[in-house]
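The next block holds one structure in the form of structure tokens; read it before the comments.
Residue numbers start from 1 in every chain, and the chains themselves are labelled A, B, ... in the order their sequence lines are given, proteins ahead of strands.
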2 protein chains.
Amino acid sequence: MAKARHSRLDCTPGCAVEAAVSLIDGKWKAVILYHLQDGTTRFNELRRRAGDVTPRMLTNQLRELEADGLIEREVFAQVPPRVEYSLSDRGRSLSPIIAALKAWGDANMDLFARR
Amino acid sequence: MAKARHSRLDCTPGCAVEAAVSLIDGKWKAVILYHLQDGTTRFNELRRRAGDVTPRMLTNQLRELEADGLIEREVFAQVPPRVEYSLSDRGRSLSPIIAALKAWGDANMDLFARR
DNA sequence: GCTCATAGTGTCTAAAAGGATACCGTCCCG
DNA sequence: CGGGACGGTATCCTTTTAGACACTATGAGC
């Protein structure tokens with residue numbers, strides 16, 4: 001699971017903001033959640049869509065998202081192996097935010113172009 | 001400025017999502033943006049509200065947010081010194097997202113309580 | 001028999017982020 | 001004269017994150 005970045009929960013109201021951010025932080029988590037909105041996706045399919053994630057990183061991020069209850073993992077006992085990832089209800093409740101982030105990112109692309 | 005976590009911008013559509021996240025990532029940035037919504041705030045006032053930020057971290061985060069054009073910094077040549085931080089237009093355009101994150105965080109507090 | 005695809009794991013290392021602590025000059029208040 | 005508020009800096013150290021790269025088993029297709 002993603003590490004809690006703040007140990008106390010009874011801090012100022014802004015704390016919930018940071019707590020939420022800590023879940024989608026991690027270099028690939030937001031991207032994974034974004035792509036999972038298209039529906040159930042397999043491991044290597046995600047890998048291809050995300051660009052250049054190493055399998056180790058992808059595994060890490062998926063495991064954390066799963067531990068946080070944002071995604072679900074279903075294993076089919078076949079050969080070759082088949083594992084499907086999908087959004088959980090909680091993960092789906094995050095969709096509007098992911099969409100808003102994408103919209104904001106697109107609208108502010110000039111910011112990133114400078115780098 | 002916050003480091004660009006992805007070097008290429010022409011990646012899959014999810015890239016904008018990650019780019020946006022990278023701006024509010026950093027342990028205190030989201031909290032700072034949240035508190036700045038109440039209006040112009042001074043350095044030590046932010047420090048008190050955020051809980052237990054060290055001045056070094058607060059300076060870092062504020063400088064990055066400023067470099068990213070999300071906040072503005074105004075120095076008054078007085079003694080004792082007076083420095084005020086406020087949201088820029090771009091920063092204000094992020095407000096709905098911050099608010100959504102806070103709402104989501106509050107609604108999913110059970111997740112964080114487990115830690 | 002060779003190679004490919006699947007879904008990962010293990011190890012090692014580099015880089016970045018975050019934290020602790022001490023310190024600065026100036027002025028005001030008592 | 002001592003102490004506090006202000007808005008930071010400087011230095012050092014630890015933790016966390018991310019990346020490269022190699023490797024696994026199985027079966028299918030050529």
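- The side chain of R63(A) contributes an N or O atom lying less than 4.0 Å from OP1 or OP2 of dG8(C).
- Each of R42(B) and V79(A) lies near DNA chain D, and the nucleotide nearest R42(B) is the one positioned closer to the 5' end.
- A straight line from CD of Q78(B) to P of dG7(D) spans 9 Å, rounded to a whole angstrom.
- Of the possible donor and acceptor atoms, one in the side chain of Q61(A) sits under 3.5 Å from a partner among the backbone N and O of W28(A).
- The shortest distance between the side-chain N/O atoms of R48(A) and the OP1/OP2 oxygens of dT6(C) is below 4.0 Å.
- At the phosphate of dG8(D), neither OP1 nor OP2 sits under 4.0 Å from any side-chain N or O atom of R47(B).
- At whole-Å resolution of the value, CG in D25(B) and P in dA16(C) are 14 Å apart.
- The two residues S93(A) and W104(B) make their nearest non-hydrogen contact at OG-NE1, 2.9 Å.
- In this structure, CG of N60(A) is placed 14 Å from P of dT16(D), rounded to the nearest angstrom.
- Here dA7(C) presents its P atom at 8 Å from OH of Y85(A), a figure rounded to the nearest Å.
- With T41(A) contributing its side chain and G39(A) its backbone, the two residues share a donor-acceptor pair below 3.5 Å.
- Distances shown here put a side-chain N or O of R73(A) below 4.0 Å from the OP1 or OP2 atom of dG8(C).
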Distance-only donor-acceptor hits, side chain of residues 74-84 of chain A, under 3.5 Å, sequence neighbours excluded:
unit_1: R82(A); atom_1: NE; unit_2: E84(A); atom_2: OE2; d: 3.2
unit_1: R82(A); atom_1: NH2; unit_2: E84(A); atom_2: OE2; d: 2.8

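- When all heavy atoms of L36(A) and S86(A) are compared, the pair lying nearest together is CD1-C, 4.3 Å.
- When distances run from any side-chain atom of P81(A) to the nucleotides dA18(D), dT6(C), dG8(D), the shortest one goes to dT6(C).
- If you measure from atom CZ of F43(A) to atom P of dA7(C), you get 8 Å, rounded to the nearest angstrom.
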Decide yes or no on salt bridge (charged side-chain N to carboxylate O under 4.0 Å, His left out) for K29(B) and D25(B), but give the supporting numbers first.
-> CA-CA 6 Å; K29(B) 287 194 192 175; D25(B) 174 39; over 6 Å; no
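- The nucleotide whose nearest atom lies closest to any side-chain atom of P55(A) is, among dT9(C), dC6(D), dG8(D), dT9(C).
- Comparing N44(A) and T59(A), the nucleotide of DNA chain C nearest to each residue sits closer to the 5' end for N44(A).
- Remark: side-chain polar atoms of R47(A) are not paired, donor with acceptor, to backbone N or O of T54(A) under 3.5 angstrom.
- Of the candidate nucleotides dA7(C), dG8(D), dG19(C), dA7(C) has the atom nearest to the side chain of V83(A).
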Dump the pairs, protein N or O against N or O of nucleotides 10-13 of chain C, anything under 3.5 Å, distances to one decimal.
unit_1: dT11(C); atom_1: O4; unit_2: R56(A); atom_2: NE; d: 3.3

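- Rounded to whole Å, atom C1' of dG7(D) lies 17 Å from atom CE of M57(B).
- Within 4.0 Å (heavy atoms only), Q61(A) reaches sugar-phosphate atoms of the nucleic acid but no base atom.
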Dump the intermediate steps for salt bridge (charged side-chain N to carboxylate O under 4.0 Å, His left out) on E18(B) and K27(A), then the final yes or no.
-> CA-CA 7 Å; E18(B) 217 287 315; K27(A) 187 159 171 183; over 6 Å; no
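- F76(B) comes within 4.0 angstrom of nothing in the nucleic acid, heavy atoms only.
- As a whole-Å value, the separation of W28(A) CH2 from dG19(D) C1' is 11 Å.
- Computed from coordinates, the E45(B) CD to dG7(D) C1' distance equals 14 Å when rounded to whole Å.
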